[in-house]
Amino acid sequence: MKLKKGVPVIDQGNSLGFWGGKFGGNFVPETLKKPIEDLEILFNKLKKDKKFITERDKYFKNWVGAPTRFIKLENLTNHIGGAQIWSKVVSDANGGAHKIYNATVHCLLAKRSGKKIICGDTGAGYAGKMLSMAAKKFGLKCKIFMGAKDIARQQPNVKAMKKNGAEVIPVYSGSQTLVDAVSECMRFWVANCDTTAMCVGSTVGPAVFVRICGWSTSQISRELKVQLIYEFGSIPKKLKLYNCVGGGSSSFGFWNEFMDYDKKQVEFIGVEAGGPKKSKKHAAPLTYGSKIGILHGAAQYVNQNSDGQIEETESISAGLDYPGISPLHCFLKDTKRARYTAASDEEALNAYKLVTKFEDLRPSLEPSHAFFVALKEAKKLSKDTVVVINSCGDAYKDRGILEQRLGKKYVKSN
Amino acid sequence: MSNPISVAFKKARAENRPALLTYTVAGDSSKKQSLNILKAISKNADILELGVPHNTPVADGSQIQTSAYRAIKKGIKINDIFRIVRDFKKFDKNKPIILMGYYNMIFQYGANNFLNKCKTSGVNGLIVVDLPWPENKDFAKKCKKKSIYFIQLLSPTTTSKRLKEIIQNSHPMNYFISMLSTTGGKLKVSPLEILKNYNRIKKINPKKEIVIGFGITDKTIGKLKSADGLVVGSAICKEITRSLNSRQNPVTNVGKLVRKLKNRIK
Ligand SMILES: Cc1ncc(COP(=O)(O)O)c(C=O)c1O
């Protein structure tokens, strides 16, 4: 399996949508074949259309807020005493997380295709919140599917969705988390694909959704490249990019522009959710060697039993609590372009405490997983190494969990 | 020897009626009970579809999901399903059985292994909900080598060009999804409209048997009689749930429901 140079990774799939010949594809009911093909034709055309790109960039700049900050975490750097520690503060983006890029692009596509309704899934509630914002902006009706367990633990985002006029549909099946929300959203699309567009909240799902999402979040690395050159004069000789990985949209977007660099120069480190230390359950299919299976229309490494039933996951962070992983990351893992590891619930909480103690930055529980691994590794790295962590979400949505686990003082200034 | 599925269609046609296909989930609500349900309905059903329960079924509505979760909770495994088929065939060896499920289960078992087991236990056909044309080309070929029908799904969204291509490459039986819906949805288009679409498909190659499924109940089945075959699934799963909730015997109740369905299409 080989990664090609000079070709965007989202376009490296074969004619059936498989990366590396085996990840991704379109394992979908017959009813969805046509709407997926229509979306593919539209997306392939528009991504080459200068006017469309200009329109996208205009919304990214004026509405999403580009670029998000790239800052040095001086205090943490001094405290850790190893590599220089920097952060790309993607949570600066309108709405507070990277999910806004994909949501914006899907709404632009929905408008072009004449659809009046858009449906989407959400775990942490950010994908849903951003879709509700974009839908409102572009005059689309919005339906969000969300697991009942996630509705209970991510209330601030649920409130935001409702305020934006979206209908939030609780999903009670299975583990009542993201995996069930995506299933239910796909079912809704099967029954309503004539009137409704679907937005999948991460780089998962049938191949075209993986591609659209990866294309959208790549804005992050486009900005970062410019910012690195501005700060350092060129791309640093030793650069390490740490990102949490749920479905894989923020990490893919954070890395995409650096794909063709040698990994000795620009290393990618993906951090999955290891779950509670005491639990056997996790949401880290790449780290813990899960087998290839099919979930939500795509072949990928996925937590499952020997019969092929998808296994329940467990993580403190709703956004990472997903048994599968983007086909793009399966491809990056097997081609050895990226390295994957996991952080436990407790480790993520510790990282959150450390970051908020030293810096004026409040990463949500998802990026806190990445901070844990980055800070641990930074200690052993040389001073000329540049460590960058994508702080892709803001902790406001996690205040309930943080208060419960760490006490009131960790949420007071939010 | 012809596939019992084709024999069943011939027999129904001789009686001037569509074939009645039932769908139940293997292991719902227990291995033994699902076998007993098959035995109880085999007199009135022409072809038995047996669902392979999966816990992330993206094309199934709430009734079939409930049945599947119930079966999985009771611990059903693929090998149990083959055992149910084998035991049923000892009871009624000529009644065709079709397994219906999602591809991951087959993928994990290994496609060749799975088909060998289908063959030895007596499975006559397969429907794989999330393995559409042309992704299913290779798998369908493997089925053919074992004389197992791979049943292609057709939907109201399938374009004319695609319909022709699929039917041209299909085995003797195909399945037309009546409307844009998951299983168990209310019939949201008129039977007349469904039959219009059905006839359009049928014309492409009249020799292929086309069954209609999704949303069919004892209320609507009579209006679709002119099709080659009609599938009732969610209504049966719902009857199992209702029976369990009211502490009645699902085996007798489903038996009665299937008899009623048969009477409506005679
Ligand atoms: C803040 C944040 N980070 C990360 C994720 C994980 O998703 P992905 O891996 O697609 O970036 C989510 C998902 O909801 C999120 O809200």
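Computation of the quantities below employed the complete heavy-atom set of this structure, encompassing side-chain atoms and omitting hydrogens, waters and symmetry-equivalent molecules.
For the pairing with Asp80(B), the salt bridge (charged side-chain N to carboxylate O under 4.0 Å, His left out) check across Lys74(B), Lys31(B), Arg86(B) returns one residue only, Lys31(B).
Here Asp38(A) does not pair with Lys115(A) in a salt bridge; the nearest charged N to carboxylate O distance is not below 4.0 Å. Ionic pairing of Arg187(A) and Glu184(A) is present here: one or more N-O contacts between side-chain nitrogen and carboxylate oxygen are shorter than 4.0 angstrom.
The part of Ile177(B) that comes within reach of chain A is its side chain, from C-beta onward, which places non-hydrogen atoms under 4.5 angstrom from that chain. Contacts of Glu37(A) with chain B are absent, with no heavy-atom separation under 4.5 Å from either backbone or side chain. Heavy-atom distances place the backbone of Ile76(B), and not its side chain, under 4.5 Å from chain A. Pro57(B) touches chain A through backbone and side chain together, each having a heavy atom under 4.5 Å away. Proximity to chain B is limited to the side chain of Val179(A), based on heavy atoms less than 4.5 angstrom apart. When heavy atoms are compared at a cutoff of 4.5 Å, Asn136(B) does not approach chain A at all. Proximity to chain B (any heavy atom under 4.5 Å) is shown, for Ile292(A), by both the backbone and the side chain. For Asp194(A), the parts sitting under 4.5 Å from any heavy atom of chain B are the backbone and the side chain alike.
Ring geometry for Phe188(A) against Phe145(A) counts as tilted: the plane angle lies between 30° and 60°, on a 0 to 90° scale. Using cut-offs of 30° and 60° for the angle between ring planes, the Phe139(B) and Phe150(B) rings count as perpendicular.
Close approach to chain B, defined as a heavy atom under 4.5 Å from one of its heavy atoms, is seen in Ser173(A), Gly174(A) of residues 166-177 of chain A, taken by number. The stretch residues 156-171 of chain B places Thr157(B), Thr158(B), Thr159(B), Arg162(B), Ile166(B) near chain A, each with some heavy atom under 4.5 Å from a heavy atom of that chain. Residues of residues 181-203 of chain B placed with any heavy atom under 4.5 Å of a heavy atom in chain A are listed by number as Ser181(B), Thr182(B), Lys188(B).
Among pairs with a residue in residues 50-83 of chain B, those fulfilling ring pair (Phe, Tyr, Trp, His ring centres under 6.0 Å) read His54(B)-Tyr102(B), Phe82(B)-Tyr109(B), Phe82(B)-Phe114(B), at least two apart in sequence or across chains.
Ser279(A) places no side-chain N or O within donor-acceptor distance of the main-chain N or O of Gly275(A), the cut-off being under 3.5 Å. Of the possible donor and acceptor atoms, one in the side chain of Gln300(A) sits under 3.5 Å from a partner among the backbone N and O of Ala298(A). Lys99(A) contributes a side-chain N or O that, together with a main-chain N or O of Gly201(A), makes up a donor-acceptor pair within less than 3.5 Å. At distances below 3.5 Å, not a single donor-acceptor pair connects side-chain atoms of Asn26(A) with backbone N or O atoms of Lys33(A). Side chain of Asn55(B) to backbone of Ile310(A): a donor-acceptor contact under 3.5 angstrom is found. Judged by distance alone, the side chain of Trp189(A) and the main-chain N or O of Thr196(A) form a donor-acceptor pair under 3.5 Å. Judged by distance alone, with hydrogens and angles left aside, the side-chain atoms of Thr313(A) form no donor-acceptor pair with the main-chain N or O of Ala283(A) at under 3.5 Å.
Ser183(A) and His296(A) share a donor-acceptor pair across their side chains, judged by distance under 3.5 Å alone. Between the side chains of Glu311(A) and Asn305(A), no donor-acceptor pair is found at a separation under 3.5 Å. Between the side chains of Gln309(A) and Gln304(A), not a single donor N or O lies within less than 3.5 Å of an accepting N or O. Looking at His282(A) and Tyr288(A), their side chains never bring a donor and an acceptor atom within 3.5 Å of each other.
When Val129(B), Leu180(B), Leu131(B), Asp60(B) are compared by the number of non-hydrogen pairs under 4.5 Å with chain A, Leu180(B) comes out ahead.
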